[in-house]
Novice: 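Quick one: the structure is below, questions incoming.
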Amino acid sequence: MSSDTRFDPASADARWQTAWEEAQTFRADSDSPKPKSYVLEMFPYPSGRIHIGHVRNYTMGDVLARYKKATGHEVLHPMGWDAFGMPAENAAMEKGVHPGGWTRANIEHMKAQLKRLGFALDWSRELATCEPDYYGHEQALFIDLYEAGLVYRKESEVNWDPVDMTVLANEQVIDGKGWRSGAEVEKRKLNQWFLKITDFAEELLEGLGSLENWPEKVRLMQENWIGKSKGLEFSFDLSNGARLPVYTTRPDTIFGASFVAVAADHPVAQGIDSDEARAFIAECKKGGTTAAELETAEKLGFDTGIAAKHPFTGADLPVYIANFVLMDYGTGAIMAVPGHDQRDFEFATKYGLPIPRVVAPSVEDAGTPFDGEAEAGDGVIVNSDFLDGMDVETAKREIIRRIEEQGRGEGKTVWRLRDWGVSRQRYWGTPIPFIHCESCGVVAAPKDSLPITLPEDVDFQTPGNPLLRHETWKHVDCPKCGGKAERETDTLDTFVDSSWYFLRFASQPADKPFDAEEVAKWLPVEQYIGGIEHAILHLLYARFWTRALAHMGQIEVKEPFASLFTQGMVTHETYSRKEGGKTVYYAPDEISREADRALLSADGGEVEIGRVIKMSKSKKNVVDPDTIVDSYGADAVRWFMLSDSPPERDLPWSEAGIEGCSRFVHRLWRLFGAYEPQAGGKDKALDRKTHQAIAAVAEDIEALGFNKAVARIYELTGAVEKAAPSASRSAAIRTLVQLVAPMMPHLAEEAWADMGMEGLVADAPWPAVDPALLVEDEVTIAVQHKGKLRDTLTAPKGASKEDLEAMALASDKVQRSIDGAEVRKVIVVPDRLVNIVT
RNA sequence: GCGGGUGUGGCGGAAUGGUAGACGCCGGGGACUUAAAAUCCCCUGUCCUUUGGACGUGUGGGUUCGAGUCCCACCACCCGCACCA
């Protein structure tokens with residue numbers, strides 16, 4: 001065998017990638033009798049190039065998929081493209097290319113990049129959300145949701161860029177100006193499509209409890225996002241004869257209410273007919289919403305002159321318009337209790353309103369003044385008539401009971417979660433399959449007219465949505481009455497596309513979105529892997545769609561992702577120096593890195609080595625997967641992605657690190673070259689290490705502890721290198737090939753073939769563990785005196801407590817430490833340690 | 001402000017309450033070589049009076065025969081949400 005030649009990834013990688021493709025090694029068979037395993041990584045947006053973060057994500061999924069296959073599972077490990085979105089339209093505007101052409105070219109390029117990394121993907125199920133054979137089914141599902149009452153239209157405010165004539169997402173509004181045009185952004189009211197995710201708020205919240213294999217962090221983020229709160233909604237009678245409903249989570253503090261406040265958008269505020277009021281409302285709307293602005297924003301109010309009658313005391317409370325009250329939460333109006341809410345406290349302080357205490361640590365503290373801030377905590381109710389002496393929870397129940405008795409309001413649950421606005425005034429998205437008819441109104445497109453495809457002949461040089469001014473596409477006959485009608489020109493939010501793609505991977509019938517039986521075979525996804533940035537929106541929307549489809553009886557499964565793993569980012573140090581007062585960043589390939597300094601290759605000047613941070617174009621600390629695969633081969637890159645850092649933490653990229661990985665690839669290759677199948681003789685110690693490694697690597701992969709699996713493999717490698725030739729050693733080498741196969745599949749196939757083994761290592765079953773070899777027959781016992789290590793001794797496994805104690809006391813080092821003191825107690829942990837207490 | 005996470009050598013990190021620093025990187029020394037690359041071997045937490053010993057897992061307490069691990073308080077950094085009544 002070729003022990004004298006170096007492993008050559010440049011030829012081996014492609015050769016094995018072709019072999020897998022020809023043998024259809026990773027094609028998922030739905031009819032297989034094996035247990036099914038669906039491994040999925042979040043599909044990428046085809047931006048143009050694979051990012052190193054993708055490589056880490058897909059390598060993790062790949063190791064798991066290959067391991068699952070080796071352990072007897074039928075594995076579904078697909079890949080697709082989240083292909084609609086704004087960057088394609090931006091490219092169209094900047095480069096004059098068609099978004100479709102741009103996107104499809106990107107997909108081709110990125111697919112080739114992924115193939116170079118040797119991922120065990122079932123490419124026969126590849127899909128792209130921008131193709132009619134995907135989005136046409138999405139249109140059908142959208143109509144189903146409409147018919148199930150989960151879709152509605154509502155007038156709603158958007159950010160409008162008057163120059164680009166387009167709607168902007170909140171992130172595209174910078175300091176009140178459009179990110180691209182720089183024009184002052186206007187608020188516009190448009191009729192928009194919404195999905196009733198709030199119908200599922202309770203279910204989505206409760207469902208989190210069943211997701212034991214999701215990170216606690218993600219579950220908490222979703223819980224907060226859904227934001228359930230229980231309280232009381234009740235109405236004040238106003239001095240102008242109207243009734244004003246307010247919402248509170250602290251009905252127990254109702255006797256502490258000293259004023260009432262409404263949002264600037266509230267009808268009560270809008271109804272005040274004075275220039276001052278209008279000016280104040282306009283001022284409120286100008287306020288920014290960034291964290292810093294909110295932190296420092298002063299509480300401002302405007303006294304409407306209206307009075308609200310307290311439902312129990314009958315007192316007249318002033319009604320203010322306040323800048324800190326939000327129109328879209330609760331009723332847009334509050335009862336303000338300054339003593340027990342910090343915002344109300346600040347407001348009351350500023351406007352000289354009373355700050356009564358109605359909750360105190362004890363009854364004796366009823367008169368204690370406040371110490372500069374509100375007390376929102378628990379306690380006993382005081383100064384509150386019939387509530388006095390009650391605890392907070394009892395008082396809440398009592399007030400709700402009395403208010404309900406009066407018919408003035410009721411206990412109510414309020415959600416922070418809003419319905420999901422899915423309308424986008426864009427071209428490059430799924431056309432919303434509805435038609436506006438002059439006489440019939442909004443009419444769903446007939447299912448047999450789907451897919452409603454995007455017109456190709458569009459122009460991006462004129463600002464605005466090209467669909468809106470596309471005369472032939474836009475005008476259609478009404479499906480109901482046959483009269484003149486127009487297509488909906490909005491397209492769907494791209495989060496809709498990614499809310500059901502995992503169902504389409506399971507089966508891809510031409511005539512329907514998915515086959516329910518196939519979905520039942522594969523779903524839920526056994527392991528979903530992706531970035532933490534999708535913790536809320538994508539994962540919540542996907543959960544919502546799955547539940548909505550289950551609700552409509554289309555599928556059985558209620559939660560799409562049984563286990564979720566959120567991987568860390570790939571980071572890199574930065575290189576920069578001051579040039580003419582400006583910090584200029586340099587890319588890693590412009591730098592020659594020495595042990596403790598970095599030099600710019602171009603002029604040999606020293607540059608500053610900056611913090612290890614997320615790779616970004618502006619800091620130029622990016623590495624290109626293609627370049628490193630060219631230099632080191634796919635296996636070294638994959639190995640690096642798995643080594644060192646725990647997968648949920650950030651992984652610092654380093655040149656030294658990848659070189660170390662590359663060295664290990666060649667080191668293994670040399671070891672595999674030393675395979676001598678004819679060698680005889682047993683090496684029991686090595687057998688033990690081999691079997692312990694098999695068990696440990698399996699356990700680590702199943703727990704996604706790839707860094708630990710890697711360390712185990714290093715250890716076994718070292719042991720095999722040191723061992724003399726024997727049958728045990730040959731077996732260890734074969735095992736090692738299989739253990740590294742999920743991580744370094746190309747090297748493993750090459751070695752497997754060179755060793756004359758049958759078939760592909762990718763098809764070989766995971767090596768069996770002999771449980772008898774997992775236990776040592778000799779163990780090292782730690783001997784402590786007063787809790788500190790004094791000596792270690794070797795004892796047979798399972799030695800009795802008495803024997804261990806005797807052996808420990810016989811040790812010179814231990815006796816020296818005891819130094820004649822009386823032994824009061826000896827603690828013996830069998831097979832582990834002896835602790836002597838004096 | 002609310003919620004969550006993290007803190008261990010020069011670095012990335014191991015460690016069911018039981019020998020802290022596995023494994024890798026960096027660094028040092030050596031072998032091979034005319035030389036280099038590649039490879040191999042050894043050393044590599046700090047300190048001391050070095051056949052030994054003391055200290056050591058952000059800080060301060062506590063529980064325990066024994067604490068990186070459990071409990072309490074605090075500090076630092078990171079992430080998410082945020083005038084959500």
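In what follows, chains are A, B, ... by sequence order, proteins preceding strands, each numbered from 1. These numbers come from the heavy atoms of this one structure, side chains and all, not from hydrogens, waters or symmetry mates. Quantities reported herein were computed from a predicted structural model and do not represent experimental measurements.
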Novice: Under 3.5 Å between N/O atoms: give me all the protein pairs with nucleotides 39-47 of chain B, atom names plus distance.
Specialist:
| from | atom 1 | to | atom 2 | distance (Å) |
| --- | --- | --- | --- | --- |
| B:rU39 | O3' | A:R670 | NH2 | 3.3 |

Novice: Output the rounded distance in Å from CD1 (A:I334) to C1' (B:rA85).
Specialist: 5 Å

Novice: Rounding to an integer number of Å, can you tell me how far A:E573 CD sits from B:rC26 P?
Specialist: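 That distance rounds to 14 Å.
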
Novice: Let's see if you can work this out: which of B:rC25, B:rA82, B:rC83 has an atom nearest to the side-chain heavy atoms of A:R416?
Specialist: B:rA82

Novice: Could you check which of B:rA82, B:rC23, B:rC84 has an atom nearest any side-chain atom of A:W225?
Specialist: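 Closest nucleotide among those given: B:rA82.
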
Novice: Considering residues at least two apart in sequence or located in another chain, which fulfil the ring-ring contact (aromatic ring centres under 6.0 Å, His included) criterion with A:H534?
Specialist: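 Expected list: A:H538.
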
Novice: Within the 4.0 Å heavy-atom criterion, would you say A:Y247 contacts the bases, only the backbone, or no part of the nucleic acid?
Specialist: base

Novice: Can you tell me how far C1' in B:rC70 sits from the matching atom in B:rG3, rounded to whole Å?
Specialist: 23 Å

Novice: Expressed as a whole number of Å, how far does the P atom of B:rA14 sit from that of B:rG29?
Specialist: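 To the nearest whole Å, 31 Å.
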
Novice: Please give the distance between the P atoms of B:rG58 and B:rA15 as a whole number of Å.
Specialist: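 Roughly 16 Å separates the two P atoms.
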
Novice: Please classify the glycosidic conformation of B:rG9 as syn (within 90° of 0) or anti (everything else).
Specialist: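 What B:rG9 shows is a syn base, its glycosidic angle lying within 90° of 0.
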
Novice: Ignoring backbone atoms, test whether A:Y329 places a side-chain nitrogen or oxygen under 4.0 Å from the OP1 or OP2 oxygen of B:rA85.
Specialist: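 Result: yes.
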
Novice: Between protein and nucleic acid, restricted to nucleotides 68-71 of chain B and to nitrogen or oxygen atoms under 3.5 Å apart, what atom pairs and distances do you find?
Specialist:
none

Novice: Would you find more than 12 non-hydrogen atoms of other residues, nucleotides or ligands less than 6.0 Å from A:D812 atom CG?
Specialist: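 No, because the 6.0 Å sphere around CG of A:D812 holds 12 heavy atoms or fewer from other groups.
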
Novice: For residues 655-664 of chain A, which side-chain donor-acceptor pairs fall under 3.5 Å, sequence neighbours excluded?
Specialist:
| from | atom 1 | to | atom 2 | distance (Å) |
| --- | --- | --- | --- | --- |
| A:E655 | OE2 | A:Y632 | OH | 2.9 |
| A:E659 | OE2 | A:Y632 | OH | 3.4 |

Novice: For the residue pair A:Q222 and A:R543, confirm or rule out a side-chain donor-acceptor distance under 3.5 Å.
Specialist: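 Yes - a donor-acceptor pair under 3.5 Å links their side chains.
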
Novice: Send over the distance from A:L326 CG to B:rC84 P, rounded to a whole Å.
Specialist: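 In whole Å, B:rC84 P and A:L326 CG are 7 Å from each other.
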
Novice: With no hydrogens and no angle check, just 3.5 Å: does a side-chain donor-acceptor pair link A:T574 and A:N621?
Specialist: no

Novice: Should the ring pair A:Y575 and A:H572 be called parallel, tilted or perpendicular, given that the plane angle runs from 0 to 90° and is split at 30 and 60?
Specialist: perpendicular

Novice: Report the C-alpha distance between A:R343 and A:E346 in whole Å, list the side-chain angles of each, state the deciding distance to 0.1 Å, and finish with yes or no for salt bridge (Lys or Arg N to Asp or Glu O under 4.0 Å).
Specialist: CA-CA 5 Å; A:R343 294 156 301 180; A:E346 287 169 30; over 6 Å; no

Novice: B:rA85 C1' sits how many Å from A:K299 NZ, rounded?
Specialist: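 Atom NZ in A:K299 sits about 12 Å away from atom C1' in B:rA85.
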
Novice: Tell me whether A:R243 forms a cation-pi arrangement with A:F236, defined as NZ or CZ under 6.0 Å from the six-membered ring centre and within 45 degrees of its axis.
Specialist: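 Judged by the rule, A:R243 and A:F236 form no cation-pi pair.
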
Novice: When rounded to the nearest Å, what value does the distance between P atoms of B:rC43 and B:rA38 take?
Specialist: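 Going atom to atom, P in each nucleotide, I get 22 Å.
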
Novice: Distance check needed: B:rA85 C1' versus A:H266 NE2, whole Å only.
Specialist: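 Nearest whole value for this atom pair: 13 Å.
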
Novice: Of all residues at least two apart in sequence or in a different chain, which pass the side chain to side chain contact (heavy atoms under 4.5 Å, CB included) check with A:L599?
Specialist: A:S592, A:E594, A:R597, A:E606

Novice: May I have the list of side-chain donor-acceptor pairs in residues 824-834 of chain A shorter than 3.5 Å, sequence neighbours left out?
Specialist:
| from | atom 1 | to | atom 2 | distance (Å) |
| --- | --- | --- | --- | --- |
| A:R824 | NH1 | A:T838 | O | 3.2 |
| A:D831 | OD1 | A:G798 | N | 2.8 |

Novice: Say we look at B:rU44 and B:rG28: how far apart would their C1' atoms be, to the nearest angstrom?
Specialist: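 Result for the C1' pair: 8 Å, nearest Å.
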
Novice: Would A:W653 and A:F640 count as a ring-ring contact (aromatic ring centres under 6.0 Å, His included) here? Give the steps.
Specialist: CA-CA 9 Å; A:W653 175 266; A:F640 184 93; 4.6 Å; yes

Novice: For a side chain to side chain contact (heavy atoms under 4.5 Å, CB included) with A:W639, tell me which candidate from A:I713, A:L747, A:T59 qualifies.
Specialist: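 Going through A:I713, A:L747, A:T59 one by one, the side chain to side chain contact (heavy atoms under 4.5 Å, CB included) with A:W639 is satisfied by A:I713 alone.
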
Novice: Measuring to OP1 and OP2 of B:rA54, would you say a side-chain N or O of A:R790 lies under 4.0 angstrom away?
Specialist: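 It does, given that an N or O in the side chain of A:R790 lies less than 4.0 Å from OP1 or OP2 of B:rA54.
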
Novice: Is any side-chain N or O of A:R343 closer than 4.0 Å to OP1 or OP2 of B:rG1?
Specialist: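 Result: no.
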
Novice: Could you write out RNA chain B as a dot-bracket string, with dots for unpaired bases, | for bases paired across to another strand, and Watson-Crick or G-U pairs counted at under 3.5 Å?
Specialist: (((((((..(((.....[....))).(((((.......))))).((((...))))..(((((..]....))))))))))))....

Novice: Could you state the atom-to-atom distance from CG of A:D328 to P of B:rC84 in whole Å?
Specialist: 12 Å

Novice: Once side chain to side chain contact (heavy atoms under 4.5 Å, CB included) is applied, do any residues pair with A:E202, and if so which ones, sequence neighbours excluded?
Specialist: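 Only A:E206, A:K228, A:W415 meet the side chain to side chain contact (heavy atoms under 4.5 Å, CB included) criterion with A:E202.
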
Novice: Rounded to the Å, how far apart are A:L716 CG and B:rC23 P?
Specialist: 13 Å

Novice: Expressed in whole Å, how much space separates the C1' atoms belonging to B:rU46 and B:rU57?
Specialist: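 B:rU46 and B:rU57 have their C1' atoms separated by 14 Å.
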
Novice: Look at A:T249 and B:rC84 and indicate whether a side-chain polar atom (N or O) is within less than 4.0 Å of OP1 or OP2.
Specialist: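 Answer is no, no contact under 4.0 Å.
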
Novice: Give the B/S/- string for nucleotides 3-20 of chain B, one per nucleotide from 5' to 3', where a protein heavy atom under 4.0 Å of the base yields B, of only the sugar-phosphate yields S, and otherwise -.
Specialist: -S-SS----BSSSB-BB-

Novice: With a 3.5 Å cut-off and no angle check, do the side chains of A:T198 and A:D419 form a donor-acceptor pair?
Specialist: yes

Novice: For A:V337, which contact category applies under a 4.0 Å heavy-atom criterion: base, sugar-phosphate, or nothing?
Specialist: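 Nothing, no heavy atom under 4.0 Å.
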
Novice: For residues 803-817 of chain A, which residues have at least one heavy atom under 4.0 Å from RNA chain B?
Specialist: none

Novice: What salt bridge (Lys or Arg N to Asp or Glu O under 4.0 Å) pairs are there with at least one residue in residues 704-723 of chain A, not counting sequence neighbours?
Specialist: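 Every pair satisfying salt bridge (Lys or Arg N to Asp or Glu O under 4.0 Å) with a residue in residues 704-723 of chain A: A:R667-A:E721.
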
Novice: How far, in whole Å, is B:rG27 from B:rA82 if one measures between their P atoms?
Specialist: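 Comparing P positions in B:rA82 and B:rG27 gives a spacing of 46 Å.
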
Novice: Starting at CG of A:L417 and ending at C1' of B:rC81, how long is that distance when rounded to a whole Å?
Specialist: 14 Å

Novice: State which residue, out of A:Q342, A:R357, A:H340, fulfils the side-chain hydrogen bond (donor to acceptor under 3.5 Å, both in side chains) condition with A:E375.
Specialist: A:R357

Novice: Output a table of donor-acceptor pairs, distance under 3.5 Å, between side-chain atoms of residues 245-262 of chain A and any protein atom two or more places apart or on a different chain; print 'none' if there are none.
Specialist:
| from | atom 1 | to | atom 2 | distance (Å) |
| --- | --- | --- | --- | --- |
| A:Y247 | OH | A:S229 | O | 3.1 |
| A:Y247 | OH | A:S229 | OG | 3.3 |
| A:Y247 | OH | A:G231 | N | 3.2 |
| A:T248 | OG1 | A:R250 | N | 2.9 |
| A:R250 | NE | A:D252 | OD1 | 3.1 |
| A:R250 | NE | A:D252 | OD2 | 3.3 |
| A:R250 | NH1 | A:A376 | O | 3.2 |
| A:R250 | NH2 | A:D252 | OD2 | 3.0 |
| A:T253 | OG1 | A:R250 | O | 2.8 |
| A:S258 | OG | A:P354 | O | 2.9 |

Novice: Tell me yes or no: between the side chains of A:R790 and A:S817, is some donor less than 3.5 Å from an acceptor?
Specialist: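 Yes, because at least one side-chain N or O of A:R790 sits under 3.5 Å from a partner of the opposite role on A:S817.
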
Novice: With rounding to the closest Å, how many angstrom separate the C1' atoms on B:rG60 and B:rC75?
Specialist: 10 Å

